[in-house]
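To start, the structure under review is shown below, and the notes come after it.
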2 protein chains.
Amino acid sequence: MSPTIKDVAAHAGFSIATVSRAINAPHTVNPVTLDKVRQSIDALNFRPSPLGRQLRGERTRLIGVILPTLANPVFAECLQGIDELAAAQGYRLMLMTTQYDADRERHAIETLREHRVEGLILTVADADTHPLLDELDRAGLLYVLMHNDTARRPSVSVDNRLAAFDGVRMLIAHGHRRILMLAGTLAASDRARQRHLGYAQAMQQAGLTPAPALEVDFNADELAPSVLAHLTSGPNRPTALFCSNDLLAMVVMRGLRRARLQIPRDMSILGFDGLPMGELLSPPLASVCAPNREIGCAAWRRLLARVTGTDETSGETSPTLTLPHSLREGATIAAISSRTDNSPVRASTSAERPFA
Amino acid sequence: MSPTIKDVAAHAGFSIATVSRAINAPHTVNPVTLDKVRQSIDALNFRPSPLGRQLRGERTRLIGVILPTLANPVFAECLQGIDELAAAQGYRLMLMTTQYDADRERHAIETLREHRVEGLILTVADADTHPLLDELDRAGLLYVLMHNDTARRPSVSVDNRLAAFDGVRMLIAHGHRRILMLAGTLAASDRARQRHLGYAQAMQQAGLTPAPALEVDFNADELAPSVLAHLTSGPNRPTALFCSNDLLAMVVMRGLRRARLQIPRDMSILGFDGLPMGELLSPPLASVCAPNREIGCAAWRRLLARVTGTDETSGETSPTLTLPHSLREGATIAAISSRTDNSPVRASTSAERPFA
DNA sequence: ATGAAAGCGCTAACAT
DNA sequence: ATGTTAGCGCTTTCAT
């Protein structure tokens, strides 16, 4: 096992108190003693255990991070941002992933609480209705949400509704009228809802009828035949797809290509997230970009401000911090042409069906 | 602060010992008492602190993970694998990233040692010559490397040399003769070296002259003009590129496309890593695939076997565990045609210059 | 300047 | 079945 302060004390021939002082308040000990103690520390390769310190009621300098998955680079990017600041400020991160599973979320929070983390940075499916967050509030454990779009809880995100609104407006500005929103299986997430809201508003503002989000299985190797049919056949097929995230957009693009559609000639695609990876695609993916890394950084700063009690923003300010989004125009969006738009909107009469 | 076992004891009207037993050996306490204690635990929302337990010399059930970055999905995938098993087996992960920086590597190891992690899973630039690893050996801290390709230390990886060899042979089988290897700025890493070795062997076996790896700045937005020139001009320009990782391959592909080259018509591309993302590209990226997630899982299992002393494989077995790689053929590789191969090899005479 | 001792939260050996 | 107590590594009074 690791040597303890006792071993050092014995080795140096002083008491453990002196060793402790040599470490924590070097100026209070005799230089000669100090030197001897330091030699012993080196000789034994001693590192003070944070356990003892923490037990003494000191800060654990431990922050818990709970993410749905790292397979989506969005979260990996956030984590990078957090890690950068944490490391620089001498904090440790304890990471758990949940795969959006409620049991695992609960377990993660329990575990991290046990470890006396000073705070939590996390992303959940739906922040508004999440019972565990209420529990955290009750227990007084500080936390900051990332990406969750809620006005009720401390969070850092983009304005998902507005961001989606801007994105869909861009599609409309390119002449698209039959625009469909695609969402992952987690359409119930707060941000997916907000994004659909923005989509619907942009559509309505342009006098178009929004459609419900079409759910697409993210992890499937192929696009479901029913989905593919929905996207490609019929006179009212969409000319543009607004995908609720970039990974989904990439999966959809592959599915469409396999169905012999050309992008953007036969279908325009807009993603959401702004993954750097998207720019490497061919054609480069247009996307509504969130500053993921910066969201992680901002979440860290907010949490730390609360944890250390240096939160000047407390009180009047809203618990939500909204970071600016941006639009990345990409070659996956084409201006609409009569060739694609094989069934012009004005030729249709029914006001009931979307796009009709 | 969190309630302690004392608070519970007081609340329930029993001694702390009884509370401890109620938690750790419920069958040894009177059912009525047990019930009361449990009520108090719930009422106070008490969670036993692992600090006390750890202090008692029990296992910390804490494992440190040190990764270069999470921006490369390779590592995020490994981490997913580790996290999955760790969570299932009741272990906690403490994560630190280093950006391949030696200072940060040192700092990470120090920090994790202080926290009394039971072991370390990590990826470093060059395992053979890494002084910190020798230190770990000396300190008796158990660790397992991921992806590092060394016979000297406990590690889990693919056979990078053989994998690269197989990949380059595939290029050769498609008729390519002027094949260049591209590496990131970290060409000094042990795996990059092994991969170049495999490349060179495949070339030589086919009677071709290997070239030194061409270094490409990974993070740059554009391919350096000198690199681009190297790749595109002259009669001896390569017809295929073996990229030492998928991210690099994607960056290169973008650079080539911007230079108006078509892939694979004008240049074939082979990556390394087998990122799922690569299949979503257009054209889908051919790659030498490593089972990243499985590498993480295997590293976990090996570490845990060593940590818990249930390591049946110890002793005679090599410290290296080699997992099988696979080739993912993709549309980024074209069979060579005289159109592309504007300077047939057999027309050339010099044996000195690569590809000549 | 240094040491002795208490106490942080917990478990386990021992006592009742 | 339950309580008492020592001790894990450390910091911090309080003595010396």
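Order of the sequence lines fixes the chain letters, A, B, ..., with proteins taken first and strands second; residue numbering starts at 1 for each chain.
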Could you check how far [atom1] of [X] sits from [atom2] of [N], rounded to whole Å?
X: D35(A); N: dT2(C); atom1: CG; atom2: P; result: 12 Å
X: R47(A); N: dC10(D); atom1: CZ; atom2: C1'; result: 15 Å
X: K36(A); N: dG3(C); atom1: NZ; atom2: P; result: 11 Å
X: R116(A); N: dC8(C); atom1: CZ; atom2: C1'; result: 12 Å
X: D7(A); N: dC10(D); atom1: CG; atom2: C1'; result: 13 Å
X: R59(A); N: dT11(D); atom1: CZ; atom2: P; result: 16 Å
X: N24(B); N: dG9(C); atom1: CG; atom2: C1'; result: 12 Å
X: Q54(B); N: dT11(C); atom1: CD; atom2: C1'; result: 13 Å

Checklist entry - What nucleic acid atoms does P50(B) come within less than 4.0 Å of, heavy atoms only: base, sugar-phosphate, or nothing? => result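 P50(B): no heavy atom of the nucleic acid under 4.0 Å.
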Checklist entry - Base, sugar-phosphate alone, or nothing: which one does S20(A) contact when heavy atoms must sit under 4.0 Å apart? => result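 Result for S20(A) = base.
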Next on the checklist: Tell me whether R61(A) contacts the main-chain N or O of G90(A) through its side chain, where contact means a donor paired with an acceptor under 3.5 Å.
Outcome noted: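 Judged by distance alone, yes, a pair lies under 3.5 Å.
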For [X], what residues pass the side-chain hydrogen bond (donor to acceptor under 3.5 Å, both in side chains) criterion, not counting sequence neighbours?
X: S40(A); answer: H11(A)
X: S15(B); answer: T18(B)
X: S49(A); answer: none

Checklist entry - Which of residues 8-17 of chain A have a heavy atom under 4.0 Å from DNA chain C? => result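 Nucleic-acid contacts, sorted: F14(A), S15(A), A17(A).
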Item to check | End axis versus end axis in the helix from dA1(C)-dT16(D) to dT16(C)-dA1(D), the angle rounded to 10°, five pairs used at each terminus | outcome: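 End-to-end axis angle: 50°.
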[X] side chain: which of [options] is closest?
X: T33(B); options: dT2(C), dA1(D), dT11(C); value: dA1(D)
X: R21(A); options: dT2(D), dT11(C), dT13(D); value: dT13(D)
X: R53(B); options: dC8(D), dT12(D), dT11(C); value: dT11(C)
X: N30(A); options: dC8(C), dT11(C), dA1(C); value: dA1(C)

Next on the checklist: D83(B): which residues meet the salt bridge (Lys or Arg N to Asp or Glu O under 4.0 Å) condition with it, sequence neighbours left out?
Outcome noted: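 For D83(B), the residues satisfying salt bridge (Lys or Arg N to Asp or Glu O under 4.0 Å) (neighbours in sequence not counted) are R104(A).
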Checklist entry - Does D7(A) have any salt bridge (Lys or Arg N to Asp or Glu O under 4.0 Å) partners at least two apart in sequence or in another chain, and if so, which? => result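 Partners of D7(A) by the salt bridge (Lys or Arg N to Asp or Glu O under 4.0 Å) criterion come out as none, since no residue qualifies.
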Checklist entry - Is it the case that H147(A) and R191(A) place a side-chain donor and acceptor less than 3.5 Å from each other? => result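 No - no donor-acceptor pair under 3.5 Å links their side chains.
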Item to check | N148(B) side chain to H130(B) side chain, donor-acceptor N/O pair below 3.5 angstrom | outcome: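 The criterion, which ignores hydrogens and geometry beyond distance, is not satisfied for H130(B) and N148(B).
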Checklist entry - So which pairs with a foot in residues 27-52 of chain B pass salt bridge (charged side-chain N to carboxylate O under 4.0 Å, His left out), sequence neighbours left out? => result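 Residue pairs passing salt bridge (charged side-chain N to carboxylate O under 4.0 Å, His left out), neighbours aside: E110(A)-R47(B), E114(A)-R47(B).
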Checklist entry - What salt bridge (charged side-chain N to carboxylate O under 4.0 Å, His left out) pairs are there with at least one residue in residues 118-136 of chain A, not counting sequence neighbours? => result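 Listed once each, the pairs are R59(A)-E118(A), R106(A)-E135(A), D126(A)-R193(A), D134(A)-R152(A), D134(A)-R153(A).
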Item to check | Which residue lies more 5' along DNA chain C, comparing F46(B) with T18(A) via nearest heavy atoms | outcome: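 Of the two residues, T18(A) wins.
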Checklist entry - Does a side-chain N or O from K6(A) land closer than 4.0 Å to OP1 or OP2 of dC8(D), or not? => result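 For dC8(D), OP1/OP2 do have a side-chain N/O of K6(A) under 4.0 Å.
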